[in-house]
Amino acid sequence: TASGYPRTVRLWRRGTAYADAPVVFEGDVDDVGVVAWRDRSPGYERDLVVRHLDFFHSHKYLIEGNALINAFHYSHEELKRQNAQLDLGRRGAVSALGVCMAENVATFVGTGNCLAMVLRRGYLRPILAPDNGGPLSQDDFAPHFHSYPLSAMGLFEDLHVQVRELRVVRDDLVLLFTDGVYARLREEEIKSIIEKKGTGLKERAQELFELANSRGNTDNQTALLLQF
């Protein structure tokens with residue numbers, strides 16, 4: 001950096017040339033410096049980076065989580081570039097939800113109409129809520145009418161993402177849904193279907209699809225069920 005401190009973090013393996021080590025994080029020239037270390041706290045092992053902006057302010061990143069966030073921003077810029085060449089009526093936007101693992105810590109990054117939940121020891125709770133019009137309405141009679149996105153890739157000039165971390169434990173079941181699945185279902189219905197015995201995860205996901213479709217859904221549907 002201009003201050004004379006390192007500004008890149010590389011993944012170096014013993015016995016290889018330093019110049020061949022890939023850069024996994026890079027700060028700006030005007031930053032004070034960048035520092036990386038390994039957190040060995042039992043159950044929370046992870047690789048972290050701190051970007052010192054000045055003497056008093058800094059940003060902290062998980063290396064894997066930061067890579068996922070960067071992928072979202074890269075995709076957003078690419079979609080904006082493509083949209084700029086199209087008429088307004090032909091432009092597209094994308095809701096997305098991604099997850100990556102570092103040891104037993106899962107990082108979730110989402111934008112737009114996607115929902116992440118975890119079923120743990122009989123309790124279903126949200127990890128990352130959809131960024132849509134639902135919280136703006138006091139009417140829960142037909143929540144699918146409120147599932148219009150307030151953020152998405154390519155939708156606005158700036159990309160708004162939500163980031164959450166979850167320390168995964170044995171037997172956790174992580175659920176990732178688009179609004180074509182969750183918008184017409186109640187939480188207790190999702191829990192009842194997901195906890196069914198004698199059926200596989202694929203069959204349970206299909207039952208969620210069919211229940212949403214029986215209530216008028218015509219949107220595309222994606223469900224990803226991660227059993228730990």
Side-chain angles (χ1 to χ4, degrees), residues 1 3 5-77 95-112 114-121 123-131 151 153 158-177 201 222-228:
T1 66
S3 299
Y5 295 99
R7 71 182 184 94
T8 62
V9 177
R10 294 174 178 263
L11 183 61
W12 176 72
R13 300 187 185 281
R14 294 183 185 276
T16 63
Y18 171 76
D20 296 334
V23 175
V24 296
F25 187 91
E26 184 172 355
D28 290 336
V29 174
D30 293 333
D31 293 343
V32 173
V34 172
V35 179
W37 79 95
R38 173 73 170 173
D39 184 353
R40 300 187 182 276
S41 302
Y44 291 92
E45 296 87 350
R46 63 184 86 183
D47 299 309
L48 302 106
V49 171
V50 178
R51 176 188 173 197
H52 293 282
L53 305 179
D54 55 36
F55 190 80
F56 298 101
H57 302 91
S58 62
H59 290 169
K60 297 180 177 64
Y61 305 91
L62 280 175
I63 288 181
E64 292 83 0
N66 184 68
L68 186 57
I69 293 170
N70 285 343
F72 269 60
H73 282 282
Y74 176 84
S75 300
H76 173 64
E77 293 300 325
S95 295
L97 178 58
V99 58
C100 64
M101 293 288 297
E103 304 294 340
N104 67 334
V105 176
T107 301
F108 298 80
V109 180
T111 185
C114 296
L115 170 66
M117 311 177 83
V118 59
L119 180 65
R120 175 180 293 177
R121 301 189 181 97
Y123 293 93
L124 182 65
R125 64 180 179 88
I127 302 171
L128 192 149
D131 187 14
S151 63
M153 293 180 185
D158 296 323
L159 177 66
H160 171 70
V161 298
Q162 300 183 74
V163 183
R164 301 288 186 274
E165 287 185 5
L166 175 71
R167 183 186 178 190
V168 178
V169 300
R170 184 180 177 85
D171 295 327
D172 275 356
L173 179 58
V174 173
L175 317 172
L176 311 179
F177 297 133
L201 295 180
T222 301
L224 183 60
L225 311 183
L226 306 176
Q227 180 71 70
F228 292 89

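Annotation: side chain of L176 is in contact with side chain of V99 (closest heavy-atom distance under 4.5 Å).
For F72, there are no ring-ring contact (aromatic ring centres under 6.0 Å, His included) partners, not counting sequence neighbours. Residues passing the side chain to side chain contact (heavy atoms under 4.5 Å, CB included) test with L201 are L173, R204, L225, Q227, sequence neighbours excluded. Under the rule for a side-chain hydrogen bond (donor to acceptor under 3.5 Å, both in side chains), the partners of D39 that lie at least two apart in sequence or sit in another chain are S41. Applying the side-chain hydrogen bond (donor to acceptor under 3.5 Å, both in side chains) test to H59 and every residue at least two apart in sequence or in another chain returns Y61. Every residue two or more places apart in sequence or in another chain that forms a side chain to side chain contact (heavy atoms under 4.5 Å, CB included) with I69 is listed here: H73, V109, V163. Scanning for ring-ring contact (aromatic ring centres under 6.0 Å, His included) contacts around F108 gives an empty result, with sequence neighbours left out. By the side-chain hydrogen bond (donor to acceptor under 3.5 Å, both in side chains) test, S151 is found to be paired with T111, D131, residues two or more places apart in sequence or in another chain being considered.
Summarising the geometry, atom CZ belonging to R164 is positioned 5.5 Å from atom CG belonging to L128; distances are rounded to the nearest 0.5 Å. Summarising the geometry, atom CG belonging to L119 is positioned 5.5 Å from atom CG belonging to L124; distances are rounded to the nearest 0.5 Å. To the nearest 0.5 Å, atom CZ of residue F25 and atom CG of residue L11 are 15.0 Å apart.
Sorted by first and then second residue, the side-chain hydrogen bond (donor to acceptor under 3.5 Å, both in side chains) pairs with a member in residues 168-177 read R120-D172; sequence neighbours excluded. Residue pairs meeting the salt bridge (charged side-chain N to carboxylate O under 4.0 Å, His left out) criterion with at least one partner in residues 6-21, sequence neighbours excluded, are R7-E26. Within the structure, side-chain hydrogen bond (donor to acceptor under 3.5 Å, both in side chains) pairs that include any residue of residues 47-58 comprise D28-R51, D31-R51, R38-D47, D54-H57 (at least two apart or interchain). Judged as a salt bridge (charged side-chain N to carboxylate O under 4.0 Å, His left out), the pairs with a partner in residues 61-77 (not counting sequence neighbours) are, in order, E77-K80.
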Is there a side chain to side chain contact (heavy atoms under 4.5 Å, CB included) between M117 and I127 once you walk through the steps?
CA-CA 5 Å; M117 311 177 83; I127 302 171; 5.5 Å; no

Would L48 and W37 count as a side chain to side chain contact (heavy atoms under 4.5 Å, CB included) if you check the C-alpha gap in whole Å, the side-chain angles of each, and the deciding distance to 0.1 Å?
CA-CA 6 Å; L48 302 106; W37 79 95; 4.1 Å; yes

Steps toward side chain to side chain contact (heavy atoms under 4.5 Å, CB included) verdict (V105, L166):
CA-CA 6 Å; V105 176; L166 175 71; over 6 Å; no

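With hydrogens and angles disregarded, a donor-acceptor distance shorter than 3.5 Å links the side chain of T1 to the backbone of S3.
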